[in-house]
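A quick write-up on the structure given underneath.
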2 protein chains.
Amino acid sequence: MDPQVEYVPLAEYFKVFSEPNRLAVLEALHDGPLNVTAVVDKTGLSQALVSKHLKLLTIAGVIERRPEGALVFYEVLDQGVFQLVAQAEQLLLASRRQQLDALAALF
Amino acid sequence: MDPQVEYVPLAEYFKVFSEPNRLAVLEALHDGPLNVTAVVDKTGLSQALVSKHLKLLTIAGVIERRPEGALVFYEVLDQGVFQLVAQAEQLLLASRRQQLDALAALF
DNA sequence: ATATGGCATAACGACATCGTGATACTACAT
DNA sequence: ATGTAGTATCACGATGTCGTTATGCCATAT
């Protein structure tokens, strides 16, 4: 991270992952491409909502939209996003541990 | 990422990094602990805003608050957060490249 | 005891985002 | 040509977030 950089684009990118249902949609695509209805079934979210999240993920360049006949398939472009998510999970766990330790240290 | 997990906490964690000024505040602490006024000077943000972001980062367990006399120092707890940020920057760059390639492929 | 610098918080307005229900569009089958 | 399943989009209400201004609070110096 450079000193006087604009953090707007980076913040926008993080924002992509800052919504629970959007993470669920992304996870639904973890094991391969799915069409919209399949994502709807897998997540239990409404069709309109799934379409919205898929569009956002597409615009962000995280997934790719591929129409096939009457269906539209979506696929994760760079598997690295799952590393990012995994790393965030790690940090989250670590920070929880730390907070418990800090709490315990009060006694 | 597990199928039927709650993604709320993870999304909340990502949300911490989804704000430009908050990233700037975090970056200000990259090279060591600083007190509030120092962060204000380094970022050019208002004091009230800096305090807010520092509080959020503290609650999230990303930084630690350490009062010292009249001053209050803040310090990054786990340097791993910078890896997370760096990884996101990487992915962002890659996805931009990809989008340009996709655009170029149209001609 | 009072003044001052450093920090935190409250109240507020502006704006963004989320989810829903309804509707439109598209490709294909009949 | 009409119907239908799959997908996208619109309009809307509800809620959340950001930044500011103003004020409160604490530690220290005078």
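Protein chains get the first letters and strands the later ones, always in sequence-line order, with residue 1 at the start of each.
- Annotation: side chain of B/F14 is in contact with side chain of A/L84 (closest heavy-atom distance under 4.5 Å).
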Show me the side-chain donor-acceptor pairs of residues 65-83 of chain A shorter than 3.5 Å, one per line, residues at least two apart or across chains.
{"unit_1": "A/R66", "atom_1": "NH1", "unit_2": "A/E68", "atom_2": "OE2", "d": "2.9"}
{"unit_1": "A/R66", "atom_1": "NH2", "unit_2": "A/E75", "atom_2": "OE1", "d": "2.6"}
{"unit_1": "A/D78", "atom_1": "OD1", "unit_2": "A/G80", "atom_2": "N", "d": "2.7"}

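- Remark: B/Y74 is in phosphate contact with C/dA8, judged by side-chain N or O atoms under 4.0 Å from OP1 or OP2.
- For A/K55, the NZ atom counts as loosely surrounded, since its 6.0 Å shell holds 12 or fewer non-hydrogen atoms of other residues, nucleotides or ligands.
- A/Q99 places no side-chain N or O within donor-acceptor distance of the main-chain N or O of A/A94, the cut-off being under 3.5 Å.
- Two residues are said to be in side-chain contact when any heavy atoms from C-beta on lie closer than 4.5 Å; B/L49 and B/N21 meet this criterion.
- Side-chain contact check for B/T58 versus B/E64: every heavy-atom pair is 4.5 Å or farther apart.
- Residues A/V62 and A/Y13 form a side-chain contact, since some pair of their non-hydrogen atoms from C-beta on lies under 4.5 Å apart.
- Per the geometry, CZ belonging to A/R22 stands 16 Å off P belonging to C/dA16, to the nearest Å.
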**Message:** Under the criterion side chain to side chain contact (heavy atoms under 4.5 Å, CB included), I'd like the reasoning laid out for B/V36 against B/L54: C-alpha separation, chi angles, the key distance, then a yes or no.
**Reply:** CA-CA 8 Å; B/V36 178; B/L54 287 172; 4.0 Å; yes
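- Take the nearest nucleotide of DNA chain C for A/E19 and for B/A38: the residue whose nucleotide is more 5' is B/A38.
- Residues B/S46 and B/V40 have side chains not in contact (no heavy-atom distance under 4.5 Å, counting atoms from C-beta outward).
- With sequence neighbours left out, A/L56 forms a side chain to side chain contact (heavy atoms under 4.5 Å, CB included) with A/R22.
- Looking at residues two or more places apart in sequence or on another chain, you find a side chain to side chain contact (heavy atoms under 4.5 Å, CB included) between A/K15 and A/E12, A/S18, B/S18.
- To the nearest angstrom, C1' of C/dA8 lies 12 Å from CD1 of B/I59.
- Listed in residue order, the members of residues 39-58 of chain A having a heavy atom less than 4.0 Å from DNA chain D are A/Q47, A/A48, A/S51, A/K52, A/K55.
- Not one side-chain nitrogen or oxygen of B/R65 sits closer than 4.0 Å to the OP1 or OP2 atom of C/dC7.
- Residues from residues 66-73 of chain B placing a heavy atom under 4.0 Å of any atom in DNA chain D, listed by number, are B/G69, B/A70.
- Put simply, chain B comes within 4.0 Å of DNA chain D, heavy atom to any atom, from D/dT17 to D/dT28, going 5' to 3'.
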